Amino acid sequence: MSSDTTKVDNKDSNKDDNKDDKAWHGAKMDFSDAMSYGDYLGLDRILTAQHPRSPNHNEMLFIIQHQTSELWLKLMLHELQAVRVNMRAGELPPAFKMLARVARIMDQLVHAWDVLATMTPPEYTAIRPYLGASSGFQSHQYRELEFILGNKNAKLLDVHKTAPPAFEILDRELRLPSVYDEAIMLLARSGFAIAPERLSGDWTAPTTSDESVKAAWLGVYKDPSRHWALYELAEKLVDLETAFRFWRFRHVTTVERIIGFKTGTGGTAGVSYLRKMLDVVLFPELFALRTEL
Ligand code: HEM
Ligand SMILES: N[C@@H](CC(=O)c1ccccc1NC=O)C(=O)O
């Protein structure tokens with residue numbers, strides 16, 4: 001009896017298997033004259049760009065972790081450049097959508113540390129001698145992200161002086177108003193009194209807290225319904241900065257877990273340098289005002 005049941009079940013599942021076999025019926029199979037998935041995505045280039053230098057199994061993880069991070073950085077920069085254009089044009093809803101996307105990408109990069117943290121100190125020690133003086137410190141896309149968010153530092157351009165395209169891009173970004181500078185210009189255009197020196201001139205300096213800006217954001221937070229768009233903008237920026245802080249924290253804790261307090265391959269003190277970066281505040285007034293609400 002029970003074997004009969006089994007038989008019937010098998011028969012049924014075989015039938016289902018047959019159905020599954022045909023599920024792809026009609027799929028195009030010949031791409032000799034048509035663009036395929038791999039063609040569209042340039043997979044021949046992306047999937048042949050992993051060149052481990054050590055004989056160690058774990059180097060593939062290290063390479064792919066960084067390559068995928070650079071792709072996400074590329075998308076973040078693409079979105080933030082459009083955010084800036086939209087803010088300048090007063091088109092806030094599309095800017096909100098893009099800012100939300102950037103914060104979610106940053107969250108994804110925060111969680112990506114879980115994958116890298118599966119690499120133990122001995123595993124990394126086997127790879128590290130093959131990295132030479134290379135380091136994330138030299139990531140021009142990361143530096144551009146810091147700059148577009150207002151954490152400017154002209155001295156950090158030096159590392160790119162022998163790589164002309166990256167140098168030019170960073171030099172240009174250094175001189176442009178950041179996304180946060182654009183937000184402050186919006187405050188001014190909405191009628192808030194912003195100190196004139198905060199609205200013009202040298203954009204190459206890192207963001208510092210300004211009393212007039214803080215007073216303006218306070219005005220927004222004290223009457224959200226009257227200034228809804230600015231309120232929404234402020235909260236989107238706070239979301240993004242919060243995700244970025246988590247990323248910095250996961251970086252320094254993962255680095256400490258893997259290399260302890262060794263000097264970095266890029267020449268900095270390592271963990272103590274990365275710990276200092278935890279003090280960076282991208283949008284200072286947006287955090288400072290909270291004490292006063
Ligand atoms: C085993 C994993 C990692 C270790 C041991 C490590 C270590 C370090 C160290 C020591 C520094 C300081 C600069 C130096 O002297 O080299 C640094 C900077 C940096 N790393 Fe990593 N890192 C790791 C993974 C990553 C990953 C996955 C990324 C993602 C793209 C990354 C991005 C960066 C960036 C952007 C900087 C510059 C930070 C700044 O200037 O504020 N790192 N890293
Ligand atoms: N700075 C790291 C090396 C490192 O992590 C790294 C090396 C080459 C390419 C990307 C890297 N990732 C981030 O810094 C170290 O000191 O071990």
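Just follow the structure's listing: the first ligand is 1, and inside any ligand the first atom is 1. Being a predicted model, the structure only gives us computed values, none of them experimental.
Relative ring orientation between F283 and Y180 is described as tilted, the plane-to-plane angle lying within the 30° to 60° band. The aromatic rings of H160 and H140 lie perpendicular to each other, with more than 60° between the two planes, well past the 30° mark. Using cut-offs of 30° and 60° on the angle between ring planes, the pair Y273 and F137 is perpendicular.
The side chain of L116, and not its backbone, has at least one atom closer than 4.0 Å to an atom of ligand 1 (non-hydrogen atoms only; side chain from C-beta on). Contact annotation for R248 and ligand 1: no heavy atom of the residue comes within less than 4.0 Å of the ligand.
When hydrogens are left out, the protein atom nearest atom 39 (C) of ligand 1 is Y273 OH, 3.2 Å; that is the closest non-hydrogen contact. In terms of protein heavy atoms, atom 27 (C) of ligand 1 is closest to H66 NE2, 3.4 Å. Ranking the protein heavy atoms by distance from atom 15 (O) of ligand 1 puts T268 OG1, 2.7 Å first. The nearest heavy-atom contact from the protein to atom 38 (C) of ligand 1 is Y142 CE2, 3.9 Å. Among all non-hydrogen protein atoms, the one lying nearest atom 30 (C) of ligand 1 is S69 CB, 3.6 Å.
A salt bridge links E235 to R290: at least one charged side-chain nitrogen sits closer than 4.0 Å to a carboxylate oxygen. A salt bridge links D171 with R175: the closest approach of a Lys/Arg side-chain nitrogen to an acidic carboxylate oxygen falls below 4.0 angstrom. A salt bridge is defined here as a Lys NZ or Arg NE, NH1 or NH2 lying under 4.0 Å from an Asp or Glu carboxylate O, and D239 with K236 fails to meet this definition. Taking the charged nitrogens against the carboxylate oxygens, E70 and K74 have no contact shorter than 4.0 Å, which rules out a salt bridge. Under the 4.0 Å criterion applied to side-chain N and carboxylate O atoms, E59 and R53 are not assigned as salt-bridge partners.
Of all atoms in ligand 1, numbered sequentially from 1 with element shown, those under 4.0 Å from a heavy atom of F62 are 1 (C), 2 (C). The G266 neighbourhood of ligand 1 comprises atoms 14 (C), 15 (O), 16 (O), with distances under 4.0 Å to a heavy atom of that residue. Every atom of ligand 1 with a heavy atom of G270 under 4.0 Å away is listed here by number and element: 10 (C). Of all atoms in ligand 1, numbered sequentially from 1 with element shown, those under 4.0 Å from a heavy atom of W113 are 24 (C), 25 (C), 26 (C), 27 (C), 28 (C), 42 (N).
When the options R143, K152, R84 are evaluated for a salt bridge (charged side-chain N to carboxylate O under 4.0 Å, His left out) with E173, the one that passes is R84.
For atom 21 (Fe) of ligand 1, the nearby protein N/O/S atoms, meaning those under 2.8 Å, are H251 NE2.
A cation-pi arrangement is present between R248 and F244, with the terminal nitrogen or guanidinium carbon under 6.0 Å from the aromatic centre and inside a 45° cone about the axis.
Atom CE of M98 and atom CG of L240 lie 14.0 Å apart (nearest 0.5 Å). To the nearest 0.5 Å, atoms CG (L109) and CG (L73) are separated by 6.5 Å.
Each of M60 and F62 belongs to its own hydrophobic cluster when Ile, Leu, Val, Met, Phe, Trp and Tyr are linked at side-chain heavy-atom distances under 4.5 angstrom.
When the shell of 6.0 Å around CZ of F246 is examined, it contains 12 or fewer heavy atoms from other residues, nucleotides or ligands. In K262, the NZ atom is crowded: over 12 heavy atoms of neighbouring residues, nucleotides or ligands sit closer than 6.0 Å.
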Which protein N or O atoms sit under 3.5 Å from any N or O of ligand 2? Give each pair with its distance.
residue	atom	partner	partner atom	Å
ligand 2	1 (N)	T265	OG1	3.0
ligand 2	12 (N)	H66	NE2	2.7
ligand 2	14 (O)	G136	N	2.8
ligand 2	16 (O)	R128	NH2	2.7
ligand 2	16 (O)	T265	N	2.8
ligand 2	16 (O)	T265	OG1	3.4
ligand 2	17 (O)	Y124	OH	2.5
ligand 2	17 (O)	R128	NE	2.7
ligand 2	17 (O)	R128	NH2	3.3

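Annotation: R143 places an N or O atom under 3.5 Å from an N or O atom of ligand 1; distance criterion only.
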